[in-house]
Amino acid sequence: MKPYEELAKAYEPKDVEKRWYEFWESEGLFSAQEKSGKPSYSIVIPPPNVTGMLHMGHALNATLQDILCRFHKLSGYNVLWMPGTDHAGIATQNVVERKLAAEGTDRHAVGREKFVERVWEWRKEYGGIIIKQLKRMGAMCDWPRERFTMDEGLSRAVRKVFVELYHHGLIYQGDYIINWCPRCRTALADLEVEHEPLAGHLYQITYPLAEGEGGLTVATTRPETMLGDTAVAVNPEDPRYSGFSGKRVKLPLTDRVIPVIADSYVDLSFGTGALKVTPAHDPNDFTLGQKHGLPSVKVIGDDGRMTEEAGAAYAGMDRFEARKKVVADLEALGLLQKIDKHEHAVGHCYRCKTIVEPNLSKQWFVRTKPLADLAIEAVRDGRTRIVPDTWNKTYFDWLENIRDWCISRQIWWGHRIPAWTCAACGQIIVEMEDPVKCPHCEGTELSQDTDVLDTWFSSALWPFSTMGWPDQTDLLHTFYPTSVLVTAFDILFFWVARMMMMGIWFLKDVPFRDVYIHALVRDAEGKKMSKSKGNVIDPLEVIDVQGTDAFRFTLAAFAAQGRDIKLSMERIEGFRHFINKLWNAARFALPHIHARPEAAAKKPASRSVLDRYILSRLSRVIAKVGPDIKEYRFNEAAGALYQFTWHEFCDWYLEAVKPILYQDCTDEEKDAAVNTLATVFQGVLTCLHPFTPFVTEELWQKLPQTEGSIMKASWPSSDDPETGIVADQEAEDTIALVVGVVTAVRNIRGEMNISPSAVLSASVRPSGEKDAAGLSRMAGMIKNLARLSELSVDGAAHRPKGSATAVFAGNEIFVSLSGVLDLAKETERLQKEIGKLDKDLSKTSAKLNNEDFLAKAPEEVRQKVVAQQEELAEKRDKLTATLDRIKEIQAVQ
RNA sequence: GGGCGAUUAACUCAGCGGGAGAGUGCUACCUUCACACGGUAGAAGUCGCAGGUUCAAAUCCUGCAUCGCCCACCA
């Protein structure tokens, strides 16, 4: 038997957290079984970037997953929480490039091979930071299985997927307009471009006709691109330009002559109705150019500077400098008609915020349509469920309008594209094994594509690549599809939709049964927290100040579905108080439990009403919290546990049980009370454990009747005669009566300014036989909780002289205040009470006087209102009678 | 341009067809043998505005206003 050690006066999280986390890890309590008779429950963590530092988003995300995992572990599942990190191509490359810059060098000087080595070194040194931080959150990840998207195994999965999709024609290479970041010097996917409204200008420029007088005036926001124009387009329906189609215009500032074409794409109402066409630098123009067989002239290079093709006057100039010069030059020629202010959305690189340039370039693409159709179908038919379902629409809209995915990046950190070109015959070779000679011409001079894959390409395989695919592992069989994916909506497209596509295509089954989309943690203005904005609250600071449990409980309590979370230290503090409350409840309970350890473990022959009441309340909490967690109503579960622990277990039960434990009672009574106390406290700890793992383990270890870690405990049943946790309405009703009478007496004390230490006497005229019996039985408890020396229950009782009156559920309560009763105050108190009743009565009688209500409202509603009306009226009558008598007394005086 | 969400007590937010709720803060009283990171009691809201549906609306519908977010190749 464990000896009882006194607890510190307040909960000190620091060393407790460290101690138990190390214990759990060393005991292997986070480990999943590859084969098990238990049902499986699995989650793959959204892999944080290796460059990442734990922020609020991670903290919330990890907390919710940990709650799910711990709950299911307690509920008897074989749980796998697969951890890992993402190599984060551009982000990580940028970090190491900045380091090189600080050393006065750059990646080109270092060379590709050495550079990649440097990144690996960086990863080795700093890549584990976020993992350590997740551990401080208490995350029960199966750490020995930790994966990294650039691991050998995951790289093999990437290779396999690329090769198969290529041979299915779902990956292709081609010259298209893509988004180009001139600073990162790489292509970006459409998703990786963030559109920000910018105050710009709309310039109107005249292109003179090549033959004859006059010209056409076009409008543009990017005048420098005119150097790459290869046509001007007008709408064939546009009367202003009938006859222009087929003519040619001189392109100013160049010596080129370009055609005027007609296309219904052109919007008559925008600008001048004439559109300059720059196929190399605008996606729409590119489409027009293809349709009309126009050439492409690339005037902006990969470095964001003008090319030779832009002409000698502009070549080498920065694109924005060139814009100024083009405008000035046009003005000098008298061809600039007008400059209007014009706000429009401009694309920025999501990694470095540089303005993105649409550029014609040879890139690799995934043909997404066939894959997207599978992903749509899986949600439509319910194989995967998105929670909350408000996100379905967003998910469908995006997938239905999906465009091909540009997956090649011109950086060095990432999965190298497994494509080789034969120098001899020009054939592309894409195979699982690195080719040594060309299968077409036997040529041996083969060069591998220099590009790497989009980071999200490997992320898309995460649910199965981490489990060993393409090998058919036990892990995969046991845990795929995963139970749920927990993530914020900001990566719904980047990641979730793509995992759906890849998972269904390659595994023939969805990657997860549920997708739970949680809130974003935002700053005070509702903005996304980000380092660059400097508006972050550091989770680690929160942990240091408030403790992990308080932090986690706060996050869970505010994680209402579909709503963002605004956090502040102050709000977390309230939950630290809650943890401390639990701690102090233990400080009270543990000595009593340790005093009778055998009673704590043995079911008593009978239990008091109080015992049955608190066990019943616990039963109801258990019945609510389990389903709440399963359905991702974390705030509901946390709220119910908070309410029960503080306001039922501590406020009422612990206060009421004290006399039994402290005073002269029989051993049987004390044993029964201790058993109940131990049972309920143990149940509270177990139910709270998913939310607050550290403090519950610490206290669990101090209970004499428990063995081993709380992580090995069982989630309690809400209906178990063995433990005594069963619903008992009669006990609940009886205690409700006690609570009502006690509260009424306390109210009189408060309102009449009677000291809490003053001992009073009271009598009750019960509403009927049932309450009379209940009140008589519970008189001891009522006296104790209301600090009464006497309590008489008498059906014929009259209001004693000089007493204050209250009514609860038809029971009239008289608190004797002889000598100290202030009649004016009592009058005021009663009038206030009657005023409230009148307000409520006016509502109920309005309903009952409404014929439509009587005719159409359901029977049960009508009965409820009638009962309400009767109770209110009865209470009002009793209080009014008292008030009248007081008035008589006052009249006499 | 399209879509989504929010608007409830001073603050932060639950509730989402039948008696307006919680936490924090506030007021009064209390250091009583778990806890002042506490206890007891109390004050505090025309549930954004205007219509509509319903016997009944904070809750459903429509419109408006304000705020926020996401998506989007109108030069």
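Proteins get letters first, then strands, A, B, ... in listed order; numbering begins at 1 in each. Only this structure's heavy atoms are used, side chains among them; waters, hydrogens and symmetry mates stay out.
In terms of the side-chain contact (heavy atoms from CB on, under 4.5 Å) criterion, A:E828 has no residue partners (sequence neighbours excluded). By the side-chain contact (heavy atoms from CB on, under 4.5 Å) test, A:Y176 pairs with A:Y172, A:F286, A:F365, sequence neighbours left out. Considering only residues two or more places apart in sequence or on other chains, A:H592 meets the ring pair (Phe, Tyr, Trp, His ring centres under 6.0 Å) condition with A:F588, A:Y662. For A:A280, the side-chain contact (heavy atoms from CB on, under 4.5 Å) test picks out A:S296, A:K298, A:L360, with sequence neighbours left out. Evaluation of the salt bridge (charged side-chain N to carboxylate O under 4.0 Å, His left out) rule for A:D229 yields A:K276 as partners, not counting sequence neighbours. Evaluation of the side-chain contact (heavy atoms from CB on, under 4.5 Å) rule for A:K291 yields A:D263 as partners, not counting sequence neighbours.
Each salt bridge (Lys or Arg N to Asp or Glu O under 4.0 Å) pair with one or both residues in residues 194-206 of chain A, not counting sequence neighbours, appears once here: A:E194-A:K353. Within the structure, side chain to side chain donor-acceptor pair (under 3.5 Å) contacts touching residues 650-661 of chain A (residues at least two apart or in different chains) are A:H647-A:D651, A:E655-A:K658. Listed by first and then second residue, the salt bridge (Lys or Arg N to Asp or Glu O under 4.0 Å) pairs that reach into residues 862-872 of chain A are A:E859-A:R862, sequence neighbours excluded.
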**Prompt:** Given the rule that a pair is Watson-Crick or G-U wobble with both distances under 3.5 Å, how would you write RNA chain B in dot-bracket, using | for pairs to a different strand?
**Reply:** ((((((((.[[[[.)..(..]]]].(((((.......))))).....[[[[[..)....]]]]])))))))....

**Request:** Treat primed atoms plus P, OP1 and OP2 as sugar-phosphate and everything else as base, then score nucleotides 16-21 of chain B 5' to 3': B for base contact with protein heavy atoms under 4.0 Å, S for sugar-phosphate contact only, - for none.
**Result:** --BBS-

Review item, nucleotides 40-44 of chain B N/O atoms under 3.5 Å of protein N/O:
unit_1: B:A41; atom_1: O3'; unit_2: A:N747; atom_2: ND2; d: 3.4
unit_1: B:G42; atom_1: OP1; unit_2: A:N747; atom_2: ND2; d: 2.9

